[in-house]
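These notes are about the structure you will find just below.
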Amino acid sequence: MLNRVLTVLLEKESLDEVSMIDDMGRLLSSVTRAGRLPDAEAHVALLIDALEAQQRMGLGDLHEVWVEGKDRTLIDIVTPHRILIAQGREGRLGRWRHSVDHLRSALATTPSKEVTVDV
C-alpha cells in the first residue's frame, strides 16, 4: 500500500526514486524508474551526517535535508519512525516538498506491508 503513495510522488514530480526507511535505516518501501536500484545505504549515511551536524551545532530538530547538484535529494522526516527520501536529476526541490506535504498523512500512516488476516 505504501508503494502506491510513493508512486504518486514518483510520477507527479518526475523523480527517479522515492523510498521510505524507518528510524533504524531499514528500507520500508521504494519505487524507482526502470533500471535504477535504491541506494538506501547512501541515503542513510547522508541522514546520519545531517543528524550529527544538527546535534553538534545545537540547531534543534531536523525536519528535512535538501541536496542540490547533478543529482538532487530531498530527505523528509515524515514521523520520528518514517523517513522519506526522494531523488532525481531534474525538478524543483520546493515542488517535491510541497507534494510531500500534501501526502504527509498518508505517508505517515499507510502500512508498509499488506497484512492478511485469516478468518
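When reading the values below, keep in mind they use all heavy atoms of this one structure, side chains included, and skip hydrogens, waters and symmetry mates.
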Next item on the list: Report, as yes or no, whether the 6.0 Å neighbourhood of atom CZ on Arg92 holds more than 12 heavy atoms from other residues, nucleotides or ligands.
Entry: no

Note to self: Quiz question: by atom type and distance under 3.5 Å, do the side chains of Trp66 and Glu64 form a donor-acceptor pair?
What the structure shows: yes

Note to self: Could you check whether any side-chain heavy atom of Leu2 comes within less than 4.5 Å of a side-chain heavy atom of Arg82, counting everything from C-beta outward?
What the structure shows: yes

Notebook entry, point to check: Which distance, rounded to the nearest 0.5 Å, do you find between the CD1 of Ile21 and the CD of Glu41?
Noted result: 11.5 Å

Checklist line | From Asp61 atom CG to Gln55 atom CD, the distance as rounded to the nearest 0.5 Å | finding: 10.5 Å

Notebook entry, point to check: Which heavy atom in Ala50 sits nearest to a heavy atom in Val65, and how many Å separate them?
Noted result: CB-CG2, 3.7 Å

Margin query: For a quick test of reading the model, state the closest non-hydrogen atom pair linking Thr79 to Ala108 and the distance between them.
Written below: CG2-CB, 3.5 Å

Next item on the list: Answer yes or no: are there more than 12 heavy-atom neighbours, outside Arg104 itself, under 6.0 Å from its atom CZ?
Entry: yes

Margin query: Would you say that Leu62 contacts Leu47 through its side chain, given a criterion of any heavy-atom pair below 4.5 Å between the two side chains?
Written below: yes

Notebook entry, point to check: Can you tell me how far NE2 of His63 sits from CZ of Arg97, rounded to the nearest 0.5 angstrom?
Noted result: 9.5 Å

Item checked: Distance in Å, Ser30 OG paired with Leu10 CG, rounded so as to fall on 0.5 Å steps -> 9.0 Å

Next item on the list: To the nearest 0.5 angstrom, please state how far the OG atom of Ser19 sits from the CG atom of Leu28.
Entry: 10.0 Å

Margin query: On a heavy-atom basis, which atom in His43 and which in Ile75 lie closest, and how many Å separate them?
Written below: O-CD1, 4.1 Å

Notebook entry, point to check: Does one hydrophobic cluster hold both Ile83 and Val78, with members joined at side-chain heavy-atom distances below 4.5 Å?
Noted result: no

Margin query: As an exercise, state the distance from CG of Leu107 to CG of Asp76, rounded to the nearest 0.5 Å.
Written below: 8.5 Å

Notebook entry, point to check: In terms of hydrophobic clusters joined by side-chain contacts under 4.5 Å, are Met20 and Trp96 together?
Noted result: yes

Notebook entry, point to check: Do Asp16 and Gln87 have side chains that get closer than 4.5 Å, going by heavy atoms?
Noted result: no

Check: So if you build clusters from Ile, Leu, Val, Met, Phe, Trp, Tyr with side-chain heavy-atom gaps below 4.5 Å, do Ile77 and Leu74 land together?
Finding: no

Margin query: So which atom in Gly88 and which in Leu15 form the shortest heavy-atom distance, rounded to 0.1 Å?
Written below: N-CD2, 4.4 Å

Notebook entry, point to check: Among the clusters formed by ILVMFWY side chains lying less than 4.5 Å apart, do Leu84 and Leu27 turn up in the same one?
Noted result: no

Check: Between His81 and Asp23, do the side chains contain an N or O donor and an N or O acceptor separated by less than 3.5 Å?
Finding: yes

Notebook entry, point to check: Hey, is the main chain of Leu93 close enough, under 3.5 Å, to the side chain of Arg72 for a donor-acceptor pair?
Noted result: no

Checklist line | Heavy-atom side-chain proximity of Ile85 to Thr73 below 4.5 angstrom | finding: yes

